[in-house]
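Keep in mind the model is a prediction, meaning the values are calculated, not measured. A note on names: the letters A, B, ... follow the listed sequences, proteins ahead of strands, and every chain is numbered from 1.
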Amino acid sequence: MSHARAAQVSPPIARILFAIALSIPLMVIDQRSHYLRDIRSILSTVIYPIQYVASVPQKVGTGVGEFFTSRQVYQLENERLRRKVLKLKAAQQKHNALLAENTRLRALFKAAAKVADKALIAELIEVNLEPFTQKLLVDKGSRDGVFVGQAVIDANGIMGQITGISPSTSTITLLTDPGHAIPVQVQRNGLRTVLFGTGATNELSLPHLTATSDIINGDVLVTSGMAGRFPAGYPVARVESITSDANESFLEIVALPVARLNHSKEVLLIWPGSEVVVPVKRAEKK
Amino acid sequence: MARLRGCGSGETGREEMIGLGQQRKDRCRVVIATSFLLALILDVVPLPHWAEPFRPEWVSLVLIYWCMAMPQTVNVGYGWLMGLIVDLMQGSLLGQNALAKSVIAFLAVAFHLRVRMFPLWQQSIFVAILVLIGQAITIWVKGLTGGLYPTWVQWMPGLSSMVLWPWLFVVLRDVRRLSRAK
C-alpha cells in the first residue's frame, strides 16, 4: 500500500506534459480559426447555471431596492418619462419627413436607400468576465437570432460588438478592449479613419492621422459603415485631446466613447437594414 | 487519530470493509466537487468596481488545497478541467487558464510534502508564488494574442490570494475532517 502511494505521489511529469501538449494546440486553434466556436457555444450552456447563480445577489439587491422605492418617486419618474416621450415623438415626426425626403432624393440619383435598422433590447448579466479585458455578458443568444459580429449600442452610441454566443447568452467586446478596432469618419467633414480601443475603461485612440489632417477637439466620430460590420451613421466617440509631436509623423489623438460603457444596464442589439434600390418611377408618383 | 485526518489524506490503509471505503470516496468526491463549484461561482460574482482587481483566484486556491491534501485524487487533470471551465466562463482564449491551472496543480503536487510541514504564513507565500506563476502564464498568452493592457494592478490577485490562504485552508481542512469523521 505505502509503495503504491509513494509511486503515485511523485510529481506527475507525464500528466503536465500531456496538459501542455493539449492546451497549446487548443489555444492556437481557438485564436486562428472558428472551429471551436460551436463547441464553445454548447459548453457555455453547461456553464450558464454557474453564471446565473453568481448574478443572483446583484439581482436580489436591485429587487429589494425597487421594492422600497416610494410611490411618489415612481409618479415623478412617470411624469418625467411622459414628457420625454412627447418630445421624442415630436422629433420623430421631423425625422420621418426627412427620411422620406432622403429616400426620394436617393431614388432620383438611383442610389441605394437604407431600410431602417431593427433593434432588440438585451439585459446585462452581472458577472465578472476575463479580468483586465473589456467584455460584457448579456441575456440574449443565438436563440434570439443574435450573431457574431453584430453591433451593440445604447441610447447614446455604439458600445461594441458581439464576439461570442451561446443559445441564451452572448459576450460583447466593448470599443475600449485593446483588441478592438472600428472604422469611423469625422461627422463634420467625412474624414475616414480607424478608431482603436486601448484597454483603459474610458479611452480610445486614433493612431493613423497625420499632422495635416483636419480634425479638432470636440469632433464627433460616427461609424462609416466601411467593412460592413457596423451600420453607418451611429455616433461612436468624441475627440478629447490632440497632441502633435514634431518628432512623430502621426498625431496622438485621444477620444472618449459617447456610449455609457460602464453604466448601461440594458443594451440594444442592431440588425442592419438591407440596402434596396428604390425604383425611380414609384418614388416619383408619391 | 487516523479518523481525524479527514477524507483521503491519511489513507488508513486498512480498508477491510470495501463498501465503506467506496462510500467514503464518494463523499470525498462530493466535497471536492462542491468546493470547486463554490470557487467557480465566487470567481465570477460581481464585485464593486474598486475591488475588482483584488479578486482572489478562488479556483487556484481550492485547487492548491486539494493538490496538497489529496495528491492522488486531485492533480493536473483536475487543474486542466477547472481551467477550461474558467476559460469558458470568462470568454477568454480556450486553454489559457487550463494551461495556467495545470502548471499550478503540478507545482502544488510536486512540493506538497514539503509545504504541508510549513507554518500557515509560509504556506501563504508558496501559494502566492504559484498564483503569480499562473498569472504570468495568462499574461504571456494575452501578450502573444494581442489582448493585453499592461498595468501593475494585474498582479494584485497574487497578494489577495496570499492574504486569503490561511482562512481558506482552515475552512477546507475542517470541512474535510467533518466529511470523514461521520
Inset, instruction - Go through B:Ser102 and A:Ile20 one step at a time and tell me if the side chain to side chain contact (heavy atoms under 4.5 Å, CB included) criterion holds. - result: CA-CA 8 Å; B:Ser102 358; A:Ile20 292 171; over 6 Å; no
Legend entry - Neighbour count >12 (heavy atoms, 6.0 Å) for atom CD1, A:Ile121: no
Inset, instruction - Enumerate by number any residue of residues 156-175 of chain B whose heavy atoms lie under 4.5 Å from heavy atoms of chain A; in the absence of such residues, state 'none'. - result: none
Inset, instruction - Spell out, as yes or no, whether a donor-acceptor pair under 3.5 Å connects the side chain of A:Gln51 to the backbone of B:Met89. - result: yes
Inset, instruction - Select one option (side chain, backbone, both, neither) describing which atoms of B:Val103 are under 4.5 Å from chain A's heavy atoms. - result: both
Inset, instruction - For residues A:Arg40 and B:Asp87, report the shortest heavy-atom separation together with the two atoms involved. - result: NH1-O, 4.0 Å
Legend entry - Side chain / backbone / both / neither for B:Asn97 at chain A, heavy atoms under 4.5 Å: neither
Legend entry - A:Arg15 atom CZ: more than 12 heavy-atom contacts under 6.0 Å: no
Legend entry - Test item: B:Val109 and A:Pro12 side chains (from C-beta on) under 4.5 Å apart, heavy atoms: yes
Inset, instruction - Considering only heavy atoms and a distance below 4.5 Å, find which of B:Leu37, B:Leu94, B:Leu107, B:Leu99 pairs most often with chain A. - result: B:Leu94
Legend entry - Side chain / backbone / both / neither for B:Leu42 at chain A, heavy atoms under 4.5 Å: neither
Legend entry - Heavy-atom check, side chain of A:Ile13 versus side chain of B:Phe106, under 4.5 Å: yes
Legend entry - Greater than 12 external heavy atoms within 6.0 Å of B:Gln122's CD: yes
Inset, instruction - Considering non-hydrogen atoms only, spot the tightest contact between A:Gln58 and B:Pro46 and give its length. - result: OE1-CG, 3.5 Å
Inset, instruction - Look at B:Val86, B:Val45, B:Leu84 and state which one has the largest set of heavy-atom pairs under 4.5 Å with chain A. - result: B:Val45
Legend entry - Per-residue contact mode, A:Thr198 against chain B (heavy atom under 4.5 angstrom): backbone
Legend entry - B:Asp43 and A:Ile50, any side-chain heavy atoms less than 4.5 Å apart: no
Inset, instruction - Considering non-hydrogen atoms only, spot the tightest contact between B:Gly95 and A:Ser23 and give its length. - result: O-CB, 3.8 Å
Legend entry - CD1-CG distance between A:Ile47 and B:Leu40, expressed to the nearest 0.5 angstrom: 7.5 Å
Legend entry - A:Asp30 side-chain N/O to B:Leu93 backbone N/O, donor-acceptor pair under 3.5 Å: no
